[in-house]
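First up is the structure itself, then whatever we jot down about it.
Quick note on labels: first sequence line is chain A, next is B, and so on, each numbered from 1.
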Protein chains: 4
Amino acid sequence: MKALINSVRLMGRLGMDPEMKLFDNNRKLARTSLATNEVRRTGSGEKVTDAQWHNLVLWGNNAEIAEKYLKKGKEIAVEGRLTTRSFTDREGRKHFVTEIVVNELLMITKKEQEEKELAAEAV
Amino acid sequence: MKALINSVRLMGRLGMDPEMKLFDNNRKLARTSLATNEVRRTGSGEKVTDAQWHNLVLWGNNAEIAEKYLKKGKEIAVEGRLTTRSFTDREGRKHFVTEIVVNELLMITKKEQEEKELAAEAV
Amino acid sequence: MKALINSVRLMGRLGMDPEMKLFDNNRKLARTSLATNEVRRTGSGEKVTDAQWHNLVLWGNNAEIAEKYLKKGKEIAVEGRLTTRSFTDREGRKHFVTEIVVNELLMITKKEQEEKELAAEAV
Amino acid sequence: MKALINSVRLMGRLGMDPEMKLFDNNRKLARTSLATNEVRRTGSGEKVTDAQWHNLVLWGNNAEIAEKYLKKGKEIAVEGRLTTRSFTDREGRKHFVTEIVVNELLMITKKEQEEKELAAEAV
DNA sequence: TTTT
DNA sequence: TTTT
């Protein structure tokens, strides 16, 4: 609820099925990754697709929805908060991981659409 | 110009003066870091400030403005694009760096305000 | 390019084909209307769809895209600037019209999807 | 909580003190108006400030904050939902009113800043 | 690691 | 005036 301070909005396709984790206090966590594909033109005028990968983290009800409906290849839109945590590897080097903690999730690939696509493929 | 696909908005204070870099083709680059301070309540009801640090990258005209006006401690708002690049360190370990490439920059700390503050301090 | 000051983002379906207008200086204008459908729960727990209608205004290249690809019923996402203009009617009463001047336009209904849907319907 | 469907972000100064209204069920409402000032250049290169006025509506806790802290001339940032309602005037003509129902409110003019400004003015 |  |  502090979207004026820190807010990320992304639209793209999932690179993997969500990985689920259940905590002691029954809190559910889902992790997945999202590709954003931005088309840009090079100096010589060619179209290039610039894929960026983003780590998504979903808690509670968003994690439930992720578990039920999110699959590799599906298109979604998310709004969330940008966070960075650090950890130290076995060699003592510090690493940073930036993640989007999702507040809001919207399916772009609709259920009916999936069904229609399957029907079309079956012809 | 693909803000519907990938867009970040942040408001906070700079943790450092911008570091400038000039490239062969005369393109200017500025790097700095921004803290967002989100106030949240713990389970026991205490107020905690959750500071997140973000890497900002500014090109061209935005870099010029950064060079002239951005200083450690100043409050700004930015809109940009979320990007992640990776590099391999000397030990062969892969690292990821997530950065916000700034499209738009707004000074929250205004010049008049700075002057008034200085005047007030001088009393 | 002042999205930090004034920015609207909408996702929904068009209620009409765009109306085109060509000005002397060859500038093209498209007008259309967009419905956003927000699902909310009433006090008694029922699901209600709250449709809001928004006036969209598109200039230049966005107007070209509107003319070619936007049709009643299509789903799109837009980012734009909120503007209000006033006019006085024949009875001398002032009226206000609020419009979103679109900066960025994204088709949610994809071409392939339309074709697949048509193929599925044809079975 | 449907910011992916319908979201407005504005930053500017208030044109009036909020008008308060208390409903039977103890729900509080505040209304005020916000100006966004966008600087643009004319064809001949002159700087022009384009002021846009927006109607803000605040409910519940946001209304409480508005009542306590919002005053004419103060600078704020808001995130909200774009809504349009219509009414028919005495002459039977339909009018539309577009309003931003505020979800989130941030003071840009800070308390310390006000105090410093007052101190500076008092010199 | 997605998709067209 | 859209759509599910």
Looking only at dT1(F), dT2(E), dT2(F), the nucleotide nearest the Ala35(A) side chain is dT2(E)
Do Ile100(D) and Leu82(C) come within less than 4.5 Å of each other through their side chains, counting heavy atoms only? yes
Have a look at Gly12(A) and say if it touches a base, only the backbone sugar-phosphate, or nothing, with a 4.0 Å heavy-atom cut-off. nothing
Please state how far atom CZ in Phe96(D) lies from atom C1' in dT1(F), giving the value in whole angstrom units. 11 Å
Interatomic distance, Trp53(A) CH2 vs dT3(E) C1' [rounded to whole Å]: 9 Å
Lys2(D) NZ to dT3(F) P, straight-line distance once rounded to whole Å: 21 Å
Of the candidate nucleotides dT1(E), dT2(F), dT1(F), which contains the atom at the shortest distance from the side chain of Ser33(C)? dT1(F)
Rounded to the nearest Å, what distance is computed from the NZ atom of residue Lys74(C) to the P atom of nucleotide dT3(F)? 13 Å
note: Lys47(A), atom NZ; dT4(E), atom P; distance rounded to Å ~ 15 Å
Provide, to the nearest angstrom, the distance between the CG atom belonging to Asp17(A) and the P atom belonging to dT2(E). 12 Å
Are side-chain heavy atoms of Asp89(B) and Arg93(A) found at a separation under 4.5 Å? yes
To the nearest angstrom, how far is His54(C) atom NE2 from dT1(F) atom C1'? 13 Å
Check every atom of dT2(F), dT2(E), dT1(E) against the side chain of Met16(A) and return the nucleotide holding the closest atom. dT1(E)
note: Lys71(C), atom NZ; dT3(F), atom P; distance rounded to Å ~ 14 Å
If you look only at pairs with a residue in residues 42-62 of chain C, which of them pass as a salt bridge (charged side-chain N to carboxylate O under 4.0 Å, His left out), with sequence neighbours excluded? Arg40(C)-Asp50(C)
N/O donor-acceptor pair, side chain Asn37(A) with base dT4(E), under 3.5 angstrom: no
Taking only residues two or more places apart in sequence, or in another chain, which ones meet Thr83(D) in a side chain to side chain contact (heavy atoms under 4.5 Å, CB included)? Gln52(C), Arg81(D), Glu99(D), Val101(D)
